[in-house]
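This report concerns only the one structure given below.
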Amino acid sequence: MRIKKVWKRIVIYTIILALIILTVIILVRSIPEPPKEKVAYARIAISDATSNKADTYSKNLYREAKALYDSAMINWQEENKRFIYFRNYEKVAGFAELSARKAEQAAKISKNNVSDLNLYLRQKIDKLNNIADQIDKRFSSYPLSAEAWERISKGRMLLKESEVAYNKGQYAEAKVKVNDSELLLTDSYEKATTHLKKYFNSYPDWKKWADRTIRESRQNQSYSIIIDKYSRKCLVYFGGIKKYEYNVELGKNWVGDKRVKGDKATPEGMYKIVKKFGSNKTKYHKALLIDYPNETDREEFRREIARGALPKNAKIGNLIEIHGDGGRGIDWTEGCISLINSEMDVVFKIANEGTPVTIIGSMVDLDQLRD
């Protein structure tokens, strides 16, 4: 009897557990999914219409497509404010589909006689190869997310496959692959470019810091060091004139300022060397310790804690150095700046306690980098 009761309980608990699991599955599956692919497709369609000068040769359809896309984004934002199970993305999908159709019509009218599939594919492939080249040029050393690099890699593979099909005269297959490649590469490139533009919003501060550092070097007839993170350069000035330029490697997450201990970010700001460590005092051949965090860093850290941007138990980083053992070809440090040993020897020799070290995102603005 006792065994029967135990088995009965087991059966009851199993049924309850199964019902709970079934309920969770039903709840998860009932969450409305936003029409990401439809919105992305509409964005690509508008981009394609723009590249075909539809804004000039099919103005009304082009304007309608953009207005419908804007309506889709506004509706998406409004639905996201609602409770997750009450969201309805039908209007978003409808606006996106209409936008894509209008944009495609605008592009078609604008193309005129460029409807020949052979020419269409050649233009698409050339356009995507150019985007792939731009990604290599601007983002090969830029810390994009693993997901972004996966999408870029898949887009490249599809592009290569589309070229193979095109060269074999298999145009239908090439069209499918080139369109899939475009969705991945264009979307990834646009998101990466948006991220880069946001980062370069700090350029006015960077320029002010760099100009001040060079000016003080000239006035004091002294050495100053500027680290250009985007170009991976260590620039050594004396008397306001650049004397040396070396390649550097940075923290793994170098884009943006350092916020907390352990974030693997290289800080940005105006610092100075506070201590020198010879080869027998550091594990990195030689090292120059800078005064990060300075008072400006501490004030910003306290502000972020106060406004809830950082957890209350967060700790500010420290022990940021310019040190040797570089030359690995990747960004690998915990936030420091690394040079190859022979170049570290030169910087170590000319630097003293008090030597300015200014760390910035870039010496030139984004428009100059595009040239």
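Counting from 1, the numbers follow the sequence of the chain as shown.
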Requested in this report: Only pairs at least two apart or in different chains count here, so list each side-chain hydrogen bond (donor to acceptor under 3.5 Å, both in side chains) that has a residue in residues 339-350.
Outcome: H285-D345, K286-D345
Looking at [Y] and [X], is any side-chain nitrogen of the basic one under 4.0 Å from a carboxylate oxygen of the acidic one?
| X | Y | answer |
| --- | --- | --- |
| K168 | E173 | no |
| R156 | E163 | no |
| R302 | E295 | yes |
| R215 | D211 | no |
| K124 | D48 | yes |
| D187 | K191 | yes |

Would the distance check show the side chain of [X] and the main-chain N or O of [Y] forming a donor-acceptor pair, the cut-off being under 3.5 Å?
| X | Y | answer |
| --- | --- | --- |
| S99 | L68 | no |
| K276 | A351 | yes |
| K229 | T266 | yes |
| S202 | D205 | no |
| D263 | A265 | yes |
| E249 | G327 | yes |
| T355 | N352 | yes |
| N253 | K264 | no |
| D297 | N294 | yes |
| R87 | R82 | yes |

Report summary line: Given the options I359, V255, I337, L250 meets side chain to side chain contact (heavy atoms under 4.5 Å, CB included) only with I337
In the structure I gave you, are the side-chain heavy atoms of [X] and [Y] within less than 4.5 Å of one another anywhere?
| X | Y | value |
| --- | --- | --- |
| P267 | I320 | yes |
| Y89 | N80 | yes |
| T186 | L128 | yes |
| M344 | Y284 | no |
| K154 | E150 | no |
| R232 | W254 | yes |
| W76 | P34 | yes |
| T50 | Y62 | yes |

Check whether [X] and [Y] end up in the same hydrophobic cluster, where Ile, Leu, Val, Met, Phe, Trp and Tyr are linked by side-chain heavy atoms less than 4.5 Å apart.
| X | Y | result |
| --- | --- | --- |
| W149 | L158 | no |
| I340 | I225 | no |
| I350 | L235 | yes |
| L183 | V39 | no |
| I227 | V346 | yes |

Rounded to the nearest 0.5 Å, what separation is found between the [atom1] atom of [X] and the [atom2] atom of [Y]?
| X | Y | atom1 | atom2 | result |
| --- | --- | --- | --- | --- |
| H323 | F277 | NE2 | CZ | 12.0 Å |
| L289 | K272 | CG | NZ | 12.0 Å |
| Y223 | S217 | OH | OG | 9.5 Å |
| E304 | D257 | CD | CG | 8.5 Å |
| S279 | F348 | OG | CZ | 8.0 Å |
| I360 | I226 | CD1 | CD1 | 6.0 Å |

For a quick test of reading the model, state the closest non-hydrogen atom pair linking [X] to [Y] and the distance between them.
| X | Y | answer |
| --- | --- | --- |
| K261 | I316 | CB-O, 3.7 Å |
| D331 | K252 | O-CG, 3.4 Å |
| A42 | A96 | CB-O, 3.5 Å |
| S162 | I125 | OG-CG1, 4.0 Å |
| G155 | L184 | N-CD1, 3.7 Å |
| G317 | P293 | O-CD, 3.2 Å |

Within 6.0 Å of [atom1] in [X], more than 12 heavy atoms from elsewhere:
| X | atom1 | value |
| --- | --- | --- |
| Y237 | OH | yes |
| E90 | CD | no |
| K233 | NZ | yes |
| R212 | CZ | no |
| Q170 | CD | yes |

Query raised in the report: What's the verdict on salt bridge (charged side-chain N to carboxylate O under 4.0 Å, His left out) for E147 and R151, showing C-alpha distance, side-chain angles and the deciding distance?
Result: CA-CA 6 Å; E147 180 187 359; R151 288 173 64 82; 5.4 Å; no
Requested in this report: For the residue pair Y203 and F200, categorise the inter-ring angle as parallel (less than 30°), tilted (30 to 60°) or perpendicular (more than 60°).
Outcome: parallel
Requested in this report: Specify whether F139 and Y142 have parallel, tilted or perpendicular ring planes, treating 30° as the upper limit for parallel and 60° as the lower limit for perpendicular.
Outcome: perpendicular
Requested in this report: Given salt bridge (charged side-chain N to carboxylate O under 4.0 Å, His left out), test E182 with K127 step by step and report yes or no.
Outcome: CA-CA 9 Å; E182 182 179 36; K127 172 189 170 184; 3.0 Å; yes
Query raised in the report: Without hydrogens or angle criteria, can the side chains of R122 and Y166 be said to hold a donor-acceptor pair below 3.5 Å?
Result: no
**Report entry** Chi angles and distances behind the side-chain contact (heavy atoms from CB on, under 4.5 Å) call for I322, C234
**Finding:** CA-CA 10 Å; I322 301 174; C234 171; 5.6 Å; no
Report task. Decide yes or no on ring pair (Phe, Tyr, Trp, His ring centres under 6.0 Å) for Y199 and Y230, but give the supporting numbers first. Result -> CA-CA 10 Å; Y199 179 46; Y230 186 84; 7.8 Å; no
